[in-house]
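Take a look at the structure set out below.
Throughout, protein chains are lettered first and strands after them, A, B, ... in sequence-line order, and every chain is numbered starting at 1.
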There are 2 protein chains.
Amino acid sequence: MRIGNAAEGLMARGTDITMTPEVAIKSQVADAALVQRRRGQIVAAAVELFSEQGFYRTTIQDVARKAGVSIGLIYQYVHDKDDVLLLALLSVLDSYRREIPRALEGVIDPLTRCWVAVDAYCRVVDSRREATVLAYRSTKSLPKERRELVMKAEIETNEFIAECLRDGIRHGLFRPVNVDLTTYHFVLFAHGWALKHWRIREFCSLNHYIEDGLDFLLTALLTPKGARQYRQMRARLSAGGGRVVSPVPR
Amino acid sequence: MRIGNAAEGLMARGTDITMTPEVAIKSQVADAALVQRRRGQIVAAAVELFSEQGFYRTTIQDVARKAGVSIGLIYQYVHDKDDVLLLALLSVLDSYRREIPRALEGVIDPLTRCWVAVDAYCRVVDSRREATVLAYRSTKSLPKERRELVMKAEIETNEFIAECLRDGIRHGLFRPVNVDLTTYHFVLFAHGWALKHWRIREFCSLNHYIEDGLDFLLTALLTPKGARQYRQMRARLSAGGGRVVSPVPR
DNA sequence: GCCAAATATGAACGAGCATTCATTCAGATG
DNA sequence: CATCTGAATGAATGCTCGTTCATATTTGGC
């Protein structure tokens, strides 16, 4: 399963994996712009409700009410309730796939890129914390084929991290570890903020979690050369306020 | 939230958190031994079915059939379907709480204890892989109070790891890291084997996962002194066949 | 061997919910 | 203005379960 330059085309226009040929959730309605708007409404309501109450405890009635539309309307844009779940999950995974590259824009130094990527990952996860947990809860409720779409989206996101690791190794900053496995240490670290938030928040802020955790994981990864550069980077960062910021403001 | 010598009493007799005063799931049936046997049957069937199909897609009918009992009988041992879920989840968490200390029996060296604990954790997770995923999927479906029982059980399991870390730090083998946070790196690593098995199995066996992962995490943790001991331990281990074994056979 | 008491059974009940579809509505077309 | 088309509505339908309970079966004391 080779993934090229992970996810290049996609993020060009709007938010929409929904319309990817593969996903192809049929709608009764022809007007593409309308479909996108309506599905946006529906999915936003659904993510919120599913996250709070879970998929099965949420009725289509609930979704319709929160989205401010009728029950019938939902069925014009979606074949069944499972479709709503798929769209909801993909919208979450897609926000990862958009935010990480956005944070990396213009960052060149491999070590900084690695930091920024994981930092950004943790922050999207935080901004969609409940939804991240939803993904863990509900992906298995999808029929096999649909589930694979979600998995594929996850792999594409991981690829951003993996690429940073490969880059670091190539530059002699990281030890030549197994990239696939190491990627998961970082991915689980980011997801962990959502998964274990109920406990971790008792002793740790997001910033602290990121700094401490990244420092821990990088310690395992850095070569002596990498370690030297890392100390410089940290000095630069804490001089800049302690929070990594993309140098390309928007 | 202080946890003493985590979980001492419990494992004396059978498998049963079920009868802990806190859990106190009422049963119509008086005979305690019978209750234990029947609940065992029911829970075993439930864990299997819930893991496969999810909680909501599994009917009580299904559970009854698989357990080889009638629908009515289940309601003699449990108040409602949610009770079955709680019992199922606690039985999973309880297997962690039993297996880790069992593996640690008789192991004294702090560094080895740390390795053995995480190794054992990964292996229980593997032996109950689907059930571990179930815990992530379904804990939130429990009402708040019940959910807290599950969380408490998880914290108790984590305490085995945390204790190993504290011990290593005390002996100057580990850097003086934040124990609570570091514990989660290890916990997520163990759970990760179940959560991401769909992907990781494509490039990695359990043994490889454990060795590589533990090596990675320990690298981040060890002091120079610890690192020296670690190299010795690894040498000893690989001489012994490469697989850590509890020195107390049973 | 007989009779309570304790267990076990599963048909029947009824609530909850996804999905449908007959109907209404808004705006474009000519 | 009359007509047509595509969107939107939500009451009605029908099915799927969780739960109950009247009844059957087993157990163990005498």
A/K81 has a side chain; which of D/dT19, C/dT19, C/dT7 sits nearest to it? C/dT19

What integer distance in Å separates [X]:[atom1] from [N]:[atom2]?
X	N	atom1	atom2	result
B/D82	D/dC17	CG	P	16 Å
A/I74	C/dT20	CD1	P	13 Å
A/L49	C/dC17	CG	C1'	15 Å
A/R38	D/dA7	CZ	C1'	8 Å
B/Y75	D/dT23	OH	P	22 Å
B/D80	D/dC17	CG	C1'	14 Å
A/Q76	C/dC21	CD	P	13 Å

So the salt bridge (charged side-chain N to carboxylate O under 4.0 Å, His left out) pairs with at least one residue in residues 81-90 of chain B (sequence neighbours excluded) are B/D83-B/R146

If you look only at pairs with a residue in residues 127-142 of chain B, which of them pass as a salt bridge (charged side-chain N to carboxylate O under 4.0 Å, His left out), with sequence neighbours excluded? A/E130-B/K140, A/K140-B/E130, B/D126-B/R129

What pairs of donor and acceptor atoms, side-chain ones from residues 40-53 of chain B against any protein atom, are under 3.5 angstrom apart with sequence neighbours left out?
unit_1	atom_1	unit_2	atom_2	d
B/Q41	OE1	B/R38	NH1	2.9
B/Q41	NE2	B/A67	O	3.1
B/E48	OE2	B/K66	NZ	3.3
B/S51	OG	B/V47	O	2.6
B/Q53	OE1	B/T58	OG1	3.4

Could you tell me which residues satisfy side-chain hydrogen bond (donor to acceptor under 3.5 Å, both in side chains) with B/H185, sequence neighbours excluded, listed by chain and number? none

Has B/D212 got a side-chain atom pairing as donor or acceptor with B/Y209's backbone, closer than 3.5 angstrom? no

Where do N or O atoms of nucleotides 10-15 of chain C meet protein N or O atoms at under 3.5 Å, pair by pair?
unit_1	atom_1	unit_2	atom_2	d
C/dG10	N7	B/G72	N	3.1

Sorted by number, residues from residues 50-67 of chain B placing a heavy atom under 4.0 Å from DNA chain C are none

For A/V124, give me all partners under side-chain contact (heavy atoms from CB on, under 4.5 Å), at least two apart in sequence or on another chain. A/S95, A/Y96, A/E99, A/S127

With sequence neighbours excluded, what pairs up with B/Y136 under the side-chain contact (heavy atoms from CB on, under 4.5 Å) test? A/L195, A/K196, B/L188, B/H191, B/L195

Any side-chain donor paired with an acceptor under 3.5 Å for B/D62 and B/T59? yes

If the condition is ring-ring contact (aromatic ring centres under 6.0 Å, His included), which residues does B/F203 pass it with, not counting sequence neighbours? none

